[in-house]
Amino acid sequence: MRIAYWVLAVLLAVFYAYSGGKKVTQSQDQLRPMMGWVDQVPMRLVRVIGALELLGAAGLLLPPYLGMAAAVGLTLLQVGAIVTHLRRGEARLIGLNIGLLVSSAVTAWLATAWR
């Protein structure tokens, strides 16, 4: 269980550090080709989402009882992402979000099963 937790936690941390870093540092024009939703969301909110992803990535690298909170937060973030895509009629684009949601939920569960 410990190895599975750390493998998932590190993989998710790398993904969210990259994704969050892009949202925090790049302009709307730079983000648009990969994230079409940035046109309908204020850039301030995009930056907040990026900061939350960076915090979640850092939290996943903490001990599992603290990393669980980060994993739960990232799971909720993906729920919001899926809702956003569905509202925009982009159901075909939610595969990655579902994969991230499942991975972060499993990571949270593995953190609770750490005993």
Side-chain angles (χ1 to χ4, degrees):
M1 291 286 205
R2 290 179 185 200
I3 292 172
Y5 171 81
W6 284 113
V7 167
L8 273 175
V10 168
L11 288 174
L12 284 171
V14 168
F15 177 85
Y16 280 110
Y18 174 77
S19 177
K22 288 181 82 62
K23 289 178 183 96
V24 167
T25 60
Q26 292 188 340
S27 70
Q28 189 175 35
D29 290 333
Q30 291 171 310
L31 293 172
R32 190 176 298 115
M34 188 161 43
M35 304 170 204
W37 56 270
V38 297
D39 285 337
Q40 296 178 337
V41 175
M43 273 310 287
R44 184 174 216 160
L45 180 57
V46 174
R47 303 275 188 236
V48 168
I49 292 168
L52 290 172
E53 288 179 345
L54 288 171
L55 288 171
L60 287 170
L61 301 178
L62 295 173
Y65 57 89
L66 296 172
M68 180 183 64
V72 169
L74 292 170
T75 301
L76 295 173
L77 191 69
Q78 288 307 313
V79 170
I82 290 168
V83 169
T84 299
H85 282 303
L86 291 176
R87 285 187 178 166
R88 288 175 43 90
E90 301 171 337
R92 68 190 187 289
L93 299 178
I94 64 172
L96 175 63
N97 301 105
I98 290 171
L100 290 168
L101 182 141
V102 170
S103 297
S104 57
V106 168
T107 302
W109 175 77
L110 286 171
T112 64
W114 182 276
R115 299 165 225 251

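For reference, positions follow the sequence shown, starting with 1. Side chains included, hydrogens not; waters and symmetry mates left out as well; all remaining heavy atoms used.
- Residues in residues 6-16 take part in no salt bridge (Lys or Arg N to Asp or Glu O under 4.0 Å) pair, two or more places apart or across chains.
- Met35 and Ile49 fall within the same hydrophobic cluster, defined by Ile, Leu, Val, Met, Phe, Trp and Tyr side-chain heavy atoms under 4.5 Å apart, directly or through other members.
- Taken to the nearest 0.5 Å, the OH atom of Tyr16 stands 5.0 Å off from the OG atom of Ser104.
- Closest approach of Ala17 to Leu54, counting heavy atoms only: O-CD2, 3.5 Å.
- Looking at heavy atoms from C-beta onward, Leu31 lies in side-chain contact with Met43 at the 4.5 angstrom threshold.
- Side-chain contact between Trp37 and Leu93 is absent, with no heavy atoms from C-beta onward closer than 4.5 Å.
- Listed by first and then second residue, the salt bridge (Lys or Arg N to Asp or Glu O under 4.0 Å) pairs that reach into residues 48-70 are Lys23-Glu53, sequence neighbours excluded.
- Side-chain contact between Tyr5 and Met68 is absent, with no heavy atoms from C-beta onward closer than 4.5 Å.
- A donor-acceptor distance shorter than 3.5 angstrom exists from the side chain of Thr25 to the backbone of Gly21, with no hydrogens or angles considered.
- Summarising the geometry, atom CG belonging to Leu100 is positioned 10.0 Å from atom OG1 belonging to Thr107; distances are rounded to the nearest 0.5 Å.
- Atom CG in Leu8 sits 12.5 Å away from atom CD1 in Ile3 (nearest 0.5 Å).
- For the salt bridge (Lys or Arg N to Asp or Glu O under 4.0 Å) condition, no pair includes a residue of residues 61-86, sequence neighbours left out.
- Looking at Ile94, Val83, Leu101, Val102 one by one, the single match for side-chain contact (heavy atoms from CB on, under 4.5 Å) with Gln78 turns out to be Leu101.
- Residues Leu60 and Leu74 are in side-chain contact: their nearest non-hydrogen atoms beyond the backbone lie under 4.5 Å apart.
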